[in-house]
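One structure is given below, encoded as structure tokens.
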Amino acid sequence: MNVFLTTFVAAGAVTIANAFAPSNFMSKFAHGARFATEISTDGVVSTEKPTGTSFLPEETIERAKAGSPIEKAKLEKDPINAWVDIYEYARRIREGEMTWEEVEKADLDTRLKYVGMLHRNKRTPGKFMMRLKVPNGIVNSDQMRFYADCVEKYGDIGVVDITTRANIQLRGVTIEDAPDIIDGLHARNQTSFQSALDSVRNMVGNPLAGIDDQEMVDTREFCNALNDLVSLDPVTETRGNPMWANLPRKFNIAISGSRDDFAHTHINDIGLQPCANTETGEMGFNVVLGGYMSIKRVAESIDSGMWIKADRESVVTLCEAILRIFRDESDRKDRQKARLMWLVEKYGVNEFKNAVIKEVDSYNRGVKIYDQQSRPTDNFERRELLGVHPQKQTGKVRVGILVPTGRLSPNECRQLADLADTYSKGEIRLTVEQNILLPNVYEADVAELLAEPCLNGESRLKVNPGLIEGNVVSCTGAQFCGLALIETKSHAEELGKKLEALVTVDRPIRIHWTGCPNSCGQVQAADIGIMGGPARKEIDGKNMAVPGCKIFVGGRIGENAHLAMEPVKSGVPLDDEDLIPVLVEILKAEFGAVEK
Ligand code: SRM
Ligand code: SF4
């Protein structure tokens, strides 16, 4: 059978949400889509299917035409069909008709990102990172084993990473293998489509959804509904939604389910913070906007003045309205200025709120935007995710397990899958701290779980790590990322253990590493943030350039979140002899650490 038809059918055969059916879309091709004839290969699939560009107003297309090279690449050949390309490239490479080097450059560098395939050209040419979408960070043991099976053949570079958006990335992937992996993901109700470049990124929710007595809103339904909104075609119900396929830039949404704000709403373009309506007591969300981190600018979210009810229609409609305005009106020329915060500032917060209300009203769905509600003020102590903790369900506990820097070998993936099958009915939850959590473990089974060999001895996976080594987060860094100024994950894991051995602290100290100022490792939100940067050092009497870092101190998460905007130190060499004394001093001075 023709490969396109097969994959088209396979891609459409299953729905995208993990636990919920796809949303019943009210707005099938709202916002004036123009239809175009697409995909006609071997005379098999020829359909009137809109592209990402079909949804853009003329004015936006004109700005895109004069926009950045990426805008031009998107206009030239719409990336919504990159999945078709990758199946064709894979077939031709497998059949010896071409090599990966012959893939069109704009596909390699840009368009294939829409399928979640990011070429690691600088570090491992010909090998890709495949980024998935894992709404609310929930996976199962079958998926975990599948990840292991996919990457194992790639040897040392065949690893699985848990990301700072509670997501999964597979490493070492080749173009010729991609279709089988994509089909395998789709068969397991997951996808890699629209996970990178100018897409709405992984929906971050509450890792304790449904199992926590302090929960205010169960975020799972909302994460799944929003995931459907952005990556499920509402007409064909195939994966990939053209309506949101030509955004001006990446877009992050996080939904918090409790006052802990485990989702980090303050560093997302849209953050939904649970809060009861002060008049009616009804549960809903205050909407915060514009949080982001980048080389050019780091911004904390600001209050939008809006509150919505915690129902599916309100959440989806609000996000759809903001996305529509963002898609059509944001900057298309300067990618550094194309994040939501710049657009909100251009409008002014009140005017932006009015524009959102007008947009929501125009959909005629009966959704109302209310004024922002007062946040709770009584004392609240943010909880921990690692370790064994009670659940709202009597007799059951959640068990948080450290995965150092989120990096998992195929063997470790299988160990976690086995643990999940034995203790948590196959369910595994990912956290933005790049760790995992087993929900619904019977109290009676905890002793047996804690004694499992894969959580003890030399194993990297731990339930009760030290307060420093257990709270290390790290971006990808130079092993795979071409933008990195330094290697991060290996340093981060080692240094966490070394500091643990040197000092005693009385609370978790969150040390985050990031290889460059893009801050994927969110250093500004950390207690101590280490960002790759230049440094110099005397070596054999010569002043040499060496790998170094800037150090940020004092970021806060949770209800009183705060970003540390400026580094307290710069140009610190990464060598233990230089970095460790500086960090020990900071730990003593700022966090009450005592040297052992
Ligand atoms: Fe990121 C670009 C990795 C979370 C801000 N990020 C990249 C690229 C794609 C650059 C590249 O092509 O190599 C990195 C891929 C490296 C690789 O091989 O893994 C990359 N970002 C990551 C991940 C994997 C870090 C991690 O180890 O966990 C995270 C994947 C999240 C996901 O599952 O989707 C990741 N990136 C973040 C975050 C944190 C967050 O979302 O909470 C941020 C800051 C928040 C934000 O976006 O505002 C972040 N990444 C960036 C930026 C700066 C964005 C900007 O507006 O300029 C870039 C550069 C860009 O987009 O041009 C970037
Ligand atoms: Fe790469 Fe920089 Fe992001 Fe680290 S912070 S993953 S080095 S882009």
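Both counts, for ligands and for their atoms, begin at 1 and track the order of listing.
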**Prompt:** Should R111 and E104 count as an ion pair when the cut-off is N to O under 4.0 Å?
**Reply:** yes
**Message:** Assess whether a salt bridge exists between R188 and D142, defined as any Lys/Arg side-chain N lying under 4.0 Å from an Asp/Glu carboxylate O.
**Reply:** yes
Distance alone, cut at 3.5 Å: any donor-acceptor contact between the side chains of [X] and [Y]?
X	Y	value
Q524	S519	yes
S231	N241	no
E176	Y89	no
R429	N206	no
N136	T219	yes

Is there a heavy atom of [X] sitting under 4.0 angstrom from any atom of ligand 1?
X	value
R335	no
L483	yes
K296	no
R171	yes

Have a look at ligand 1 and work out which part of [X], if any, has a heavy atom under 4.0 Å from it: side chain, backbone, both or neither.
X	result
L118	side chain
A166	neither
N252	side chain
S474	backbone
R339	side chain

**Asked** With a 4.0 Å heavy-atom cut-off (strictly under), which part of S519 contacts ligand 2: side chain, backbone, both or neither?
**Response**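 Backbone only.
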Nearest protein heavy-atom contact for [atom]: which residue, which atom, what distance?
atom	answer
atom 33 (O) of ligand 1	T163 OG1, 2.7 Å
atom 2 (Fe) of ligand 2	C516 SG, 2.3 Å
atom 60 (C) of ligand 1	R249 NH2, 3.4 Å
atom 29 (C) of ligand 1	T164 OG1, 3.5 Å
atom 15 (C) of ligand 1	R120 NH1, 3.7 Å
atom 51 (C) of ligand 1	K250 NZ, 3.3 Å
atom 5 (S) of ligand 2	T514 OG1, 3.2 Å
atom 6 (N) of ligand 1	C520 SG, 3.0 Å
atom 8 (C) of ligand 1	R131 NH2, 4.6 Å

**Validation row, ring centre F251 to ring centre F326 under 6.0 Å** =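 They qualify: ring centres under 6.0 Å apart.
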**Request:** For residues Y292 and H266, establish whether the separation of their ring centroids is below 6.0 Å.
**Result:**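 Ring centres of H266 and Y292 not closer than 6.0 Å.
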Identify which of [options] has a heavy atom lying nearest to [atom].
atom	options	value
atom 4 (Fe) of ligand 2	C520, C475, S294, C481	C475
atom 48 (O) of ligand 1	K489, M293, R201	M293
atom 39 (C) of ligand 1	Q169, Q522, K133	Q522
atom 53 (C) of ligand 1	N167, V523, N518	N518

**Asked** Short list, please: which atoms of ligand 1 are under 4.0 Å from a heavy atom of C475?
**Response** 26 (C), 27 (O)
**Asked** Would you say S195 and ligand 1 have an N/O pair spaced under 3.5 Å apart?
**Response**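 No; every N/O pair is 3.5 Å or more apart.
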**Request:** Using the side chain to side chain contact (heavy atoms under 4.5 Å, CB included) rule, take H512 and T164 through it: C-alpha gap first, then chi angles, then the decisive distance, then the call.
**Result:** CA-CA 10 Å; H512 287 217; T164 52; over 6 Å; no
**Request:** Let me know which of Q169, R407, R131 forms a side-chain hydrogen bond (donor to acceptor under 3.5 Å, both in side chains) with D161.
**Result:**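 That would be R407; it is the only one of Q169, R407, R131 passing the side-chain hydrogen bond (donor to acceptor under 3.5 Å, both in side chains) with D161.
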